[in-house]
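Hydrogens, waters and symmetry mates are skipped; everything else that's a heavy atom, side chains included, is used. Predicted model, so just to flag it, every value in this text is computed and none were measured. Numbers here simply count residues along the sequence, with the first being 1.
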Amino acid sequence: MKIIEIQDRTPRLIQELIRVWESSVRATHLFFSQRELEEVKGNVRQSIVEIPSLLIVENDDKILIAFMGLEKEKLKMLYVANESRGKGNGRRLLTHGIDNYQIRELTVNEQNSLARGFYEHMGFKVYDRSDLDEQGYPYPILFMRLP
């Protein structure tokens with residue numbers, strides 16, 4: 001596994017990131033309808049282009065399997081391809097972000113109990129809640145930070 005910070009976000013790379021995002025979201029965001037998933041997908045593409053810091057994970061075969069986006073000390077996105085989940089990739093990526101980019105805050109969908117549990121296991125604690133997600137859907141968001 002190799003973690004790489006990306007500067008040049010080529011159309012091919014963005015397509016690969018969207019593939020990882022969709023694989024991850026289809027496995028973890030079972031509360032999204034197909035229509036909502038497609039709507040959010042367009043926003044994700046724009047977020048990938050605009051996020052200040054983007055880090056990807058490649059496996060030993062140089063296949064992109066995970067990524068995270070950071071803005072200052074906030075984790076804005078972290079996705080692991082479904083076939084690569086449960087193998088420590090998310091933990092290594094988040095630990096890298098905490099150690100090297102001082103990640104201290106993040107948000108997570110309340111219904112995504114696996115992600116919430118993962119972040120709690122990594123030491124994050126809920127400090128606030130919103131009834132709506134960033135797109136205005138009725139999916140509560142939890143605001144978490146390291147104590």
Side-chain angles (χ1 to χ4, degrees), residues 1-9 13-59 64-147:
M1 182 191 101
K2 185 175 182 183
I3 299 173
I4 305 164
E5 183 167 4
I6 298 298
Q7 302 301 325
D8 188 21
R9 297 164 198 185
L13 175 65
I14 291 170
Q15 213 40 42
E16 280 299 297
L17 294 168
I18 295 293
R19 177 192 59 79
V20 169
W21 174 85
E22 190 165 356
S23 171
S24 177
V25 168
R26 286 189 183 279
T28 60
H29 290 62
L30 303 177
F31 48 92
F32 272 175
S33 70
Q34 181 62 33
R35 179 186 59 78
E36 291 164 337
L37 186 117
E38 290 301 322
E39 287 176 10
V40 172
K41 188 187 231 180
N43 295 336
V44 169
R45 180 180 303 278
Q46 190 62 33
S47 295
I48 289 169
V49 170
E50 295 175 353
I51 196 78
S53 296
L54 178 66
L55 290 96
I56 66 167
V57 175
E58 290 182 344
N59 66 14
L64 195 148
I65 59 170
F67 71 95
M68 73 177 171
L70 315 169
E71 185 175 322
K72 299 184 182 177
E73 295 178 353
K74 292 183 181 178
L75 177 67
K76 301 298 275 187
M77 57 181 82
L78 190 154
Y79 297 99
V80 178
N82 188 41
E83 65 275 7
S84 298
R85 292 176 59 236
K87 299 177 182 175
N89 295 304
R91 179 185 49 79
R92 285 190 287 274
L93 188 55
L94 183 57
T95 298
H96 181 83
I98 291 167
D99 293 346
N100 297 287
Y101 294 85
Q102 293 70 51
I103 293 174
R104 297 294 177 259
E105 293 190 34
L106 59 87
T107 59
V108 64
N109 287 98
E110 187 174 65
Q111 293 99 325
N112 190 345
S113 59
L114 291 175
R116 178 183 180 174
F118 166 71
Y119 293 128
E120 288 173 341
H121 178 75
M122 296 295 292
F124 288 82
K125 306 283 184 211
V126 174
Y127 71 90
D128 202 0
R129 180 183 184 276
S130 169
D131 288 336
L132 304 176
D133 70 7
E134 292 89 350
Q135 285 78 37
Y137 291 114
Y139 302 121
I141 294 292
L142 301 175
F143 295 83
M144 302 180 81
R145 69 169 63 116
L146 285 173

Check: Do the side chain of N109 and the main chain of N112 share a donor and acceptor less than 3.5 angstrom apart?
Finding: no
Next item on the list: List in chain and number order the residues that pass ring-ring contact (aromatic ring centres under 6.0 Å, His included) with F67, two or more places apart in sequence or in another chain; answer none if no residue qualifies.
Entry: Y79
Under 3.5 Å donor-acceptor pairs involving side-chain atoms of residues 41-52, not counting sequence neighbours:
unit_1	atom_1	unit_2	atom_2	d
K41	NZ	E22	OE1	2.8
R45	NH1	Q15	OE1	3.4
R45	NH2	Q15	OE1	3.4
Q46	NE2	E50	OE2	2.5
S47	OG	N43	O	3.0

Item checked: Side-chain donor-acceptor pair present, Y139, E134, cut-off under 3.5 Å -> no
Check: Got a sec, which residues hit side chain to side chain donor-acceptor pair (under 3.5 Å) with R116, two or more places apart in sequence or on another chain?
Finding: E120
Checklist line | S23 (side chain) donor-acceptor with N82 (main chain) under 3.5 angstrom | finding: yes
Next item on the list: Find the distance between CD1 (I98) and CD (Q102) and round it off to the nearest 0.5 Å.
Entry: 10.5 Å
Notebook entry, point to check: With Q111, which residues qualify under side chain to side chain donor-acceptor pair (under 3.5 Å), at least two apart?
Noted result: none
Checklist line | Those residues that, when tested against N59, pass side chain to side chain contact (heavy atoms under 4.5 Å, CB included) (two or more places apart) | finding: D61, I63, I65
Note to self: Does any part of the side chain of I56, heavy atoms only, come nearer than 4.5 Å to the side chain of I3, both counted from C-beta?
What the structure shows: no
Item checked: Sequence-distant partners of E71, side chain to side chain donor-acceptor pair (under 3.5 Å), two or more places apart -> none
Check: Tell me, do K125 and F143 make a side-chain contact under 4.5 Å, heavy atoms counted?
Finding: no
Checklist line | salt bridge (Lys or Arg N to Asp or Glu O under 4.0 Å): pairs with one or both residues in residues 85-110, sequence neighbours excluded | finding: E110-R129
Margin query: If I take atom CE from residue M122 and atom CG from residue L75, how far apart are they, to the nearest 0.5 angstrom?
Written below: 10.5 Å
Notebook entry, point to check: So how far is it from M68 CE to L94 CG, rounded to the nearest 0.5 Å?
Noted result: 7.0 Å
Next item on the list: For F118, check ring-ring contact (aromatic ring centres under 6.0 Å, His included) against everything at least two apart and list the hits.
Entry: none
Margin query: Within the structure provided, determine whether I4 and I6 are in side-chain contact (heavy-atom separation under 4.5 Å).
Written below: yes
Check: Within a strict 4.5 Å, meaning less than it, do heavy atoms of the K2 and V57 side chains meet?
Finding: no
Note to self: Restricting to side chain to side chain donor-acceptor pair (under 3.5 Å), what partner residues turn up for R19, sequence neighbours left out?
What the structure shows: E16
